Amino acid sequence: YSCGNPAFNGIDRYAAGDLAPLADDPARGEFLYWLFYTPSVIEPAMAEKIAGIAPNPVSFPWGSFDKMVAALERRLADREWVSAGRFTMADLLLAGSVDFLASFGMLQPSKPLADYRDRCLARPAAVRAREREASAAAEARDGGDASGRAARSRRPGPHSSGKPRRVPVSIRCRLAAAHLGNGKTQR
C-alpha cells in the first residue's frame, strides 16, 4: 500500500484543478514529485530510522533520514505550500508525515517545518477531519456512538462483531509506530 497512489487516483477523478494541477499545467511535474515524496522518500527513511538501520546514501535512493528532512526543509524555507503555489494533495501528505514524525519524537520540526505543518493542519477541512477521526476513535473505543448507543458493523458479514471494523488510517499508523517503537505516543 502506498499513500501516493490512492491520492493520485482520487485527485484526477474528483478534484482535478483543486487539489492537483491539471495534466497540462506546467506545475504538474513538480506537484507529482512532491506528492510521491511521502511514500518514496519519507516512509523508507522513517523505516530505516525505526529499524535502526545505518544510513547508506549510496545504496538507498532516499539518501538518509537526515537528508530527507534537509530536502524538505530547503523546499519549504521560503514557500507557503510545497508545489504549484497553492495547497495541494502533496501538502496534505507531507504535513501529515511531518505531524506523524513529530508525534512519535522522530523529528523535532524546524521552524519552517513546524509552521508548514501548522498551516496545513489549521485548514478548515483538516480541522473537520480530525474532529471526525476523534469521534470515530471514541466510537470504536467505547463500542458505540457519542450517545452511548451500540454501533452497528460497517461491514456486516459472517465474522461481524457488531463493532465498527474501520479505524482511521492515522490511528492505525500511530498504533503500528507504537508497536515498532517505544510504545509511547506524544500526542
Side-chain angles (χ1 to χ4, degrees), residues 1-50 55 57 60-134 136 166 168-174 176-177 186-187:
Y1 174 76
S2 169
C3 292
N5 288 332
F8 181 67
N9 295 335
I11 55 170
D12 279 343
R13 184 166 184 180
Y14 301 108
D18 287 333
L19 292 176
L22 295 171
D24 60 352
D25 188 320
R28 179 71 170 200
E30 170 188 78
F31 160 75
L32 290 174
Y33 175 89
W34 289 104
L35 178 70
F36 286 93
Y37 196 79
T38 289
S40 62
V41 179
I42 294 176
E43 290 175 0
M46 181 177 66
E48 167 193 298
K49 187 171 180 115
I50 289 170
F60 301 158
W62 59 86
S64 69
F65 187 86
D66 292 338
K67 287 184 179 216
M68 172 273 296
V69 171
L72 193 52
E73 287 175 334
R74 278 192 308 275
R75 180 63 179 187
L76 294 168
D78 60 352
R79 296 174 185 270
E80 185 175 15
W81 309 113
V82 77
S83 69
R86 67 178 196 269
F87 180 83
T88 65
M89 181 63 77
D91 294 297
L92 179 68
L93 290 173
L94 291 169
S97 296
V98 170
D99 187 48
F100 179 85
L101 292 168
S103 293
F104 290 101
M106 295 178 68
L107 174 69
Q108 290 297 327
S110 62
K111 181 159 177 41
L113 288 183
D115 289 350
Y116 171 74
R117 174 199 58 202
D118 295 346
R119 192 167 43 251
C120 290
L121 295 179
R123 293 177 54 83
V127 171
R128 286 190 308 273
R130 283 193 309 283
E131 288 169 352
R132 288 180 64 186
E133 179 183 31
R166 292 193 65 175
V169 172
S170 62
I171 292 174
R172 288 196 309 260
C173 291
R174 288 183 189 126
Q186 299 176 354
R187 197 137 173 131

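Keep in mind that this is a model prediction, so the values were computed, not measured.
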Could you tabulate the donor-acceptor pairs under 3.5 Å formed by side-chain atoms of residues 80-96, not counting sequence neighbours?
from: R86; atom 1: NH2; to: G17; atom 2: O; distance (Å): 3.2
from: R86; atom 1: NH2; to: A20; atom 2: O; distance (Å): 3.3
from: T88; atom 1: OG1; to: A90; atom 2: N; distance (Å): 3.3
from: T88; atom 1: OG1; to: D91; atom 2: OD2; distance (Å): 3.4
from: D91; atom 1: OD1; to: V82; atom 2: N; distance (Å): 2.9
from: D91; atom 1: OD1; to: Y116; atom 2: OH; distance (Å): 2.7
from: D91; atom 1: OD2; to: T88; atom 2: N; distance (Å): 2.8

Open item on the list: Quick one, R128 with R123, criterion side chain to side chain contact (heavy atoms under 4.5 Å, CB included). Give me CA distance, side-chain angles, the key distance, then yes/no.
Closed with: CA-CA 9 Å; R128 286 190 308 273; R123 293 177 54 83; over 6 Å; no
Task: ring-ring contact (aromatic ring centres under 6.0 Å, His included) against F65, all qualifying residues, sequence neighbours excluded - done: none
Open item on the list: Measuring only between side-chain heavy atoms, which start at C-beta, is W34 closer than 4.5 Å to L72?
Closed with: yes
Open item on the list: Would I42 and L101 count as a side chain to side chain contact (heavy atoms under 4.5 Å, CB included) here? Give the steps.
Closed with: CA-CA 10 Å; I42 294 176; L101 292 168; 4.2 Å; yes
- [ ] Could you check Y37 against R75 for side chain to side chain contact (heavy atoms under 4.5 Å, CB included), going step by step and ending with a plain yes or no?
- [x] CA-CA 12 Å; Y37 196 79; R75 180 63 179 187; over 6 Å; no
Task: Least distance between heavy atoms, P57 atom then P55 atom - done: CD-C, 3.7 Å
TODO: Could you tell me the separation between the CE atom of M46 and the CZ atom of F104, rounded to the nearest 0.5 Å?
DONE: 9.5 Å
Open item on the list: The test is side chain to side chain donor-acceptor pair (under 3.5 Å); show your working for W62 and E48 and say whether it passes.
Closed with: CA-CA 10 Å; W62 59 86; E48 167 193 298; 2.8 Å; yes
TODO: Decide, yes or no, whether a salt bridge links E73 with K111 under the criterion of side-chain N to carboxylate O below 4.0 Å.
DONE: no
Open item on the list: Nearest 0.5 Å, please: how far is CZ in R74 from CG in L76?
Closed with: 11.0 Å
TODO: Keeping the roles fixed (side chain from R117, backbone from D99), state whether a donor-acceptor pair exists under 3.5 Å.
DONE: no
TODO: Assess whether side chain to side chain contact (heavy atoms under 4.5 Å, CB included) is satisfied between L113 and V69, documenting all intermediate values.
DONE: CA-CA 9 Å; L113 288 183; V69 171; 4.2 Å; yes
Open item on the list: Minimum heavy-atom separation for P112 and A77, please, with both atom names.
Closed with: CB-CA, 4.2 Å
Open item on the list: Quick check for you: to the nearest 0.5 Å, what is the distance between F31 atom CZ and R28 atom CZ?
Closed with: 6.0 Å
